[in-house]
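Sequential numbering from 1 along the given sequence is applied to the chain's residues.
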Amino acid sequence: MMISGSPKPLSLARSIIAGDATAPVLVLEEDLSFWGGIEPGSGLIIDSHHPQQGQCIAGQLLVIPGIKGSTAGPGALLECLFAGQGPAGLIICQLDISPLIAISVFETLCAQSVPMAEIHPNSSKLMCTGDLWHLHVQDPDNVNSAGVCSPVF
C-alpha cells in the first residue's frame, strides 16, 4: 500500500536492461519461481502457495522481491515472453540472473525491449498494484544515472 500522499518517482538502485515501459504495476508480496509458478501460455501465477495466485503478470510492470526456484526459470519466463504473456518490465528488489538471461535472449531474438531494474527493497512499498507507472532504465554503462520509475497521473 502507498504510504501517504501522491506517489513520488523512485530512483533505481541499478539498471540491468535498458528500456522504457508504461504499464500497471503488479507488486508481488513474496518471491516467485517462474518454473512452476507461472503458466507460460497465460501469464497467470499458478503457484498454489503464492499469496497472489491467480494474478496475471502479462503486460504488467512486475515488482518482485526476489526469484526462487531452479535453473529452469529462465526457460519458463522466456516461454511466457514468446507467448506474449510476459511482463512489460521487471523491477526486482534482489538481483537474480534468471530473468536477466530470459529477457536478454528474448530481446536478442525478437528485438523487443523489456526493461529490467533493481530497486531498494523498501521502495516497493511505495507502489500499489494496479497503479500506472513508467519505468525508464538507462543503459547499464551510464554511470551517472540508473534511471527512474515514475507514477503516471
Side-chain angles (χ1 to χ4, degrees), residues 1-3 5-35 37-47 50-67 73-74 76-140 142 145-153:
M1 290 210 168
M2 182 173 42
I3 300 205
S6 298
K8 305 285 187 241
L10 304 175
S11 294
L12 304 177
R14 181 184 334 198
S15 60
I16 301 167
I17 298 177
D20 286 279
T22 300
V25 170
L26 175 57
V27 182
L28 297 187
E29 297 170 22
E30 293 181 7
D31 295 355
L32 180 69
S33 171
F34 291 113
W35 179 255
I38 298 285
E39 165 52 47
S42 66
L44 289 177
I45 298 173
I46 58 171
D47 179 346
H50 198 278
Q52 282 137 322
Q53 178 189 18
Q55 294 278 340
C56 186
I57 69 166
Q60 307 288 315
L61 283 181
L62 184 61
V63 181
I64 186 167
I67 306 298
L77 178 57
L78 186 58
E79 188 177 344
C80 203
L81 290 165
F82 278 130
Q85 302 302 317
L90 185 63
I91 302 168
I92 194 163
C93 298
Q94 182 178 0
L95 184 59
D96 189 282
I97 196 163
S98 292
L100 173 61
I101 293 168
I103 293 170
S104 295
V105 169
F106 179 73
E107 286 190 341
T108 299
L109 295 176
C110 298
Q112 290 181 269
S113 176
V114 180
M116 181 176 168
E118 182 180 8
I119 61 172
H120 298 288
N122 289 337
S123 294
S124 67
K125 295 175 183 156
L126 302 173
M127 304 170 87
C128 293
T129 292
D131 287 350
L132 191 63
W133 283 69
H134 177 78
L135 175 62
H136 172 70
V137 183
Q138 297 278 32
D139 184 317
N142 181 344
S145 172
V148 67
C149 193
S150 307
V152 177
F153 299 102

Identify every side-chain donor-acceptor pair in residues 14-25 under 3.5 Å, counting partners at least two apart or on other chains, and give the distances.
from : atom 1 : to   : atom 2 : distance (Å)
R14  : NE     : E118 : OE1    : 2.8
R14  : NH2    : E118 : OE1    : 3.0
S15  : OG     : Q138 : O      : 3.3
D20  : OD1    : H134 : NE2    : 3.0
D20  : OD1    : H136 : ND1    : 2.7
D20  : OD2    : H136 : ND1    : 3.4
T22  : OG1    : H134 : ND1    : 2.5

Derivation of the side-chain contact (heavy atoms from CB on, under 4.5 Å) call for I57 and C80 = CA-CA 9 Å; I57 69 166; C80 203; 4.1 Å; yes
key: Pair listing, salt bridge (Lys or Arg N to Asp or Glu O under 4.0 Å) test, anchored in residues 105-115, at least two apart   =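 Matches after skipping sequence neighbours: none remain.
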ask   = Which heavy atom in A76 sits nearest to a heavy atom in F34, and how many Å separate them?
value =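 Minimum heavy-atom separation between A76 and F34: CB-O, 3.3 Å.
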query = Which pair of non-hydrogen atoms, one from P74 and one from A102, has the smallest distance, and what is that distance?
reply =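 Nearest heavy atoms, P74 then A102: O-CB, 3.3 Å.
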To the nearest 0.5 Å, what is the distance between [atom1] ([X]) and [atom2] ([Y])?
X	Y	atom1	atom2	answer
I46	L32	CD1	CG	9.5 Å
S150	L135	OG	CG	9.0 Å
L61	T129	CG	OG1	11.0 Å
I103	C110	CD1	SG	12.5 Å
I38	S33	CD1	OG	8.5 Å

Could you tell me if the side chain of [Y] sits less than 4.5 Å from the side chain of [X], heavy atoms only?
X	Y	value
K8	L126	no
P99	I67	yes
D131	W133	yes

key: Residues L12, V137; criterion side-chain contact (heavy atoms from CB on, under 4.5 Å); working and verdict   = CA-CA 8 Å; L12 304 177; V137 183; 4.1 Å; yes
task = Given side-chain contact (heavy atoms from CB on, under 4.5 Å), test H50 with L28 step by step and report yes or no.
result = CA-CA 9 Å; H50 198 278; L28 297 187; 4.1 Å; yes
task = Tell me, please, which residues at least two apart from Q55 pass side chain to side chain contact (heavy atoms under 4.5 Å, CB included).
result =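 Once residues adjacent in sequence are excluded, the partners of Q55 under the side chain to side chain contact (heavy atoms under 4.5 Å, CB included) criterion are L26, I45, Q52.
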query = S42: what forms a side chain to side chain contact (heavy atoms under 4.5 Å, CB included) with it, not counting sequence neighbours?
reply =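 Scan of S42 (side chain to side chain contact (heavy atoms under 4.5 Å, CB included), adjacent residues dropped) gives E39, L44.
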Please report, to 0.1 Å, the donor-acceptor pairs under 3.5 Å made by any side chain of residues 81-96, with sequence neighbours excluded.
from : atom 1 : to  : atom 2 : distance (Å)
D96  : OD1    : S98 : N      : 2.8
D96  : OD1    : S98 : OG     : 3.1

request  = Determine yes or no for a side-chain-to-main-chain donor-acceptor pair under 3.5 angstrom, with S124 supplying the side chain and P121 the backbone.
outcome  =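 Pair found, side chain donor or acceptor close to backbone of P121.
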task = Report the residues that fulfil side chain to side chain donor-acceptor pair (under 3.5 Å) with D31, sequence neighbours left out, ordered by chain and then residue number.
result =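 Partners of D31 under the side chain to side chain donor-acceptor pair (under 3.5 Å) test: none.
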Heavy atoms from other residues, nucleotides or ligands near CG of L132 exceed 12 (cutoff 6.0 Å) =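 More than 12 heavy atoms, drawn from other residues, nucleotides or ligands, come within 6.0 Å of this atom.
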